[in-house]
There are 2 protein chains.
Amino acid sequence: MNGEDRDAVISAVLAGSRLLVAIAARSLGAVADRVTLPQFRMLVVLSGHGETKLVTMAELLDVNSSTAMRMADRLAAAGLVLREVNPLNRRESLMRLTDEGRRIVDQVTARRRDEIAAIVSRMSPVERRALISAMTAFNEAGGESAEAGTHPLGWPDA
Amino acid sequence: MNGEDRDAVISAVLAGSRLLVAIAARSLGAVADRVTLPQFRMLVVLSGHGETKLVTMAELLDVNSSTAMRMADRLAAAGLVLREVNPLNRRESLMRLTDEGRRIVDQVTARRRDEIAAIVSRMSPVERRALISAMTAFNEAGGESAEAGTHPLGWPDA
DNA sequence: CCACATTCTTGCAGTATGCAACATTAGTGA
DNA sequence: TCACTAATGTTGCATACTGCAAGAATGTGG
């Protein structure tokens, strides 16, 4: 591809990246006094993953198991997750969201979707359809290398 | 806008957001043993801002001044930034990148641009041009609300 | 000179993070 | 059944990030 195209597309994508990260940060503001960002990542994983054992959680978040351990302790103390020994394998301790924990995830997710919706609502229908296909193509092109990456999940929804 | 469009565009944008965040995280991997992510954010600000005093830095990073203070201490100890009293106002202590600090910023930035370039190179020229205009429109639509946000800078380039 | 604002700095407390060592539990082969 | 190994969770230790609050140093305006 020629250099002009290359620079233009990279600039546009980088700018979009900044905007999206800012949106993600803002969407967390409402619950910032209840959970930290790493804690919220853990809640998100539980939300989409159901009951999860500690080692799996650590892998999904890409953190050391001791880190996941203590985060889980704090979230349990805050009443946002429950921890219980797996009766089928007493080495494992499974954790899952409480109703309160799920409420927090839903609240943040709704806010972020609203923010994105507010932005795209200011675009024309033509631009909007173009954005859908362009982002879809971008995601597909990036999906191949992303699967080979070191961050399979966890980061995405923070 | 109708619900179908709305869901499709939000899904596409959210997926793109995950991909971009994963790219940003990977691009930091090469220097993860030298600087942490918050430290890298500080280096980026210095890279684009030149000499900066502590309070300004804290505002740009959206952290408490005591946090910025200690981060600056550690980066200075690591030889990545220099701190010196402003001779024109001895209350202020200005900090700036060392050559080594700038090298790290350049290294990460180059890697991220390469990753994005690799993705868009897998798209057809038509898709690429569509991505430029779609992302540009998205950024413009989001720019208005972004300026009213609480994270003017700092986050974007992390 | 005095009162005030700005700026940096430090003490304190809580959270996040990784490494290494350890105990418990499960599985496996002799 | 018994020893060996693997998987899993847990804890100790050290470091970094974070904010609040108090204090010291410096500049500004009267």
Side-chain angles (χ1 to χ4, degrees), chain A residues 25 28-29 31-45 51-96 104 150-151 154-155 158, chain B residues 25 28-29 31-45 51-96 104 150-151 154-155 158:
Chain A
L28 215 60
V31 297
D33 53 335
R34 301 205 53 192
V35 295
T36 66
L37 186 125
Q39 287 171 355
F40 180 72
R41 288 178 61 212
M42 181 173 280
L43 297 183
V44 168
V45 169
E51 285 198 326
T52 310
K53 63 176 179 174
L54 188 67
V55 171
T56 303
M57 174 60 71
E59 286 171 359
L60 292 173
L61 296 180
D62 191 32
V63 298
N64 192 279
S65 64
S66 66
T67 298
M69 171 78 182
R70 277 134 186 169
M71 280 175 50
D73 286 345
R74 294 185 191 107
L75 286 174
L80 303 182
V81 308
L82 286 179
R83 306 187 65 188
E84 44 201 7
V85 174
N86 184 352
L88 302 176
N89 185 338
R90 286 172 38 214
R91 280 182 301 189
E92 303 177 353
S93 88
L94 302 176
M95 68 183 103
R96 57 186 170 82
I104 288 184
T150 37
H151 292 282
W155 260 97
Chain B
L28 216 60
V31 297
D33 53 336
R34 303 205 52 192
V35 295
T36 65
L37 184 121
Q39 287 171 355
F40 180 72
R41 288 178 60 212
M42 181 172 280
L43 296 183
V44 168
V45 169
E51 285 198 326
T52 309
K53 62 175 179 173
L54 189 68
V55 172
T56 302
M57 175 61 71
E59 287 170 358
L60 292 173
L61 295 180
D62 193 31
V63 298
N64 191 280
S65 64
S66 66
T67 298
M69 171 78 182
R70 276 132 185 169
M71 280 175 50
D73 286 345
R74 294 184 192 107
L75 286 175
L80 303 182
V81 306
L82 286 180
R83 306 186 64 188
E84 44 200 9
V85 175
N86 184 352
L88 302 177
N89 185 340
R90 286 172 38 214
R91 278 182 303 190
E92 301 177 355
S93 88
L94 302 176
M95 67 183 103
R96 56 186 171 81
I104 288 183
T150 36
H151 292 282
W155 260 98

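So that the names make sense, note that chain A is the first sequence line, chain B the second, and so on, each numbered from 1. FYI, side chains are in, hydrogens and waters are out, and symmetry mates aren't considered; it's all heavy atoms of this structure.
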query = Nearest-Å distance, CG (A:Leu88) to P (C:dA26)?
reply = 10 Å

Integer-rounded Å distance: C:dT17 P and A:Met42 CE = 9 Å

inquiry  = Please identify which of these residues, A:Arg74, A:Arg34, A:Gln39, meets the side chain to side chain contact (heavy atoms under 4.5 Å, CB included) condition with A:Leu80.
reply    = A:Arg34

query = Counting only distance, no hydrogens or angles, is the base of D:dG9 paired donor-acceptor with the side chain of A:Ser93 under 3.5 Å?
reply = no

ask   = If you check every side-chain atom of A:Asn64, which of D:dG27, C:dG18, D:dT18 has the closest atom?
value = C:dG18

ask   = In whole angstrom, what separates A:Leu54's CG from D:dT10's P?
value = 7 Å

query = Base, sugar-phosphate, or nothing: which does A:Thr67 touch, judged by heavy atoms less than 4.0 Å apart?
reply = base

Presence of A:Gln39 side-chain N/O under 4.0 Å of C:dT15 phosphate oxygens OP1/OP2 = no

query = Ignoring hydrogens and geometry, is there a side-chain-to-backbone donor-acceptor pair from A:Arg83 to A:Ser93 under 3.5 Å?
reply = no

key: Under 3.5 Å donor-acceptor pair, A:Ser66 side-chain atoms to C:dG18 base atoms   = yes

inquiry  = Whole angstroms only, please: what is the CE-P distance between A:Met57 and D:dT10?
reply    = 14 Å

inquiry  = Of the options C:dA26, C:dT7, D:dG9, whose atoms approach the side-chain atoms of B:Val55 most closely?
reply    = C:dT7

Residue whose closest nucleotide on DNA chain C lies nearer the 5' end, A:Asn89 versus B:Glu92 = B:Glu92

query = Please give, in whole Å, the distance from C:dC19 P to B:Asp33 CG?
reply = 12 Å

query = Hey, does the side chain of B:Lys53 come within less than 4.0 Å of C:dC8's phosphate (OP1/OP2), counting only N and O?
reply = no

task = Report the C-alpha separation of A:Leu28 and A:Val35 in whole Å, then their side-chain angles, then the decisive distance to 0.1 Å, and conclude whether the side chain to side chain contact (heavy atoms under 4.5 Å, CB included) test is met.
result = CA-CA 9 Å; A:Leu28 215 60; A:Val35 295; 5.6 Å; no

task = Determine the contact category for B:Thr36: base if any of its heavy atoms lies under 4.0 Å from a base atom, sugar-phosphate if only primed atoms, P, OP1 or OP2 are that close, otherwise nothing.
result = sugar-phosphate

task = Quick one: pull up CD in A:Glu51 and CG in A:Leu82 and give me the separation to the nearest 0.5 Å.
result = 9.5 Å

request  = Go through B:Met42 and B:Met95 one step at a time and tell me if the side chain to side chain contact (heavy atoms under 4.5 Å, CB included) criterion holds.
outcome  = CA-CA 10 Å; B:Met42 181 172 280; B:Met95 67 183 103; 4.2 Å; yes

query = B:Arg74 has an atom CZ; how far is it from atom C1' of C:dT10, in whole Å?
reply = 13 Å

key: Base of D:dG19 paired with side chain of B:Arg70 (donor-acceptor, under 3.5 Å)   = yes

inquiry  = Between C1' on D:dT15 and CG on B:Leu75, what's the gap in Å once rounded to a whole number?
reply    = 14 Å

ask   = 5'-most contact on DNA chain D: B:Pro87 or A:Arg91, nearest heavy atom basis?
value = A:Arg91

Length of the line joining A:Leu37:CG and D:dA16:P, which is rounded to integer Å = 21 Å

query = If only side-chain N and O atoms of A:Arg83 are considered, is one of them under 4.0 Å from the OP1 or OP2 phosphate oxygen of D:dT8?
reply = no

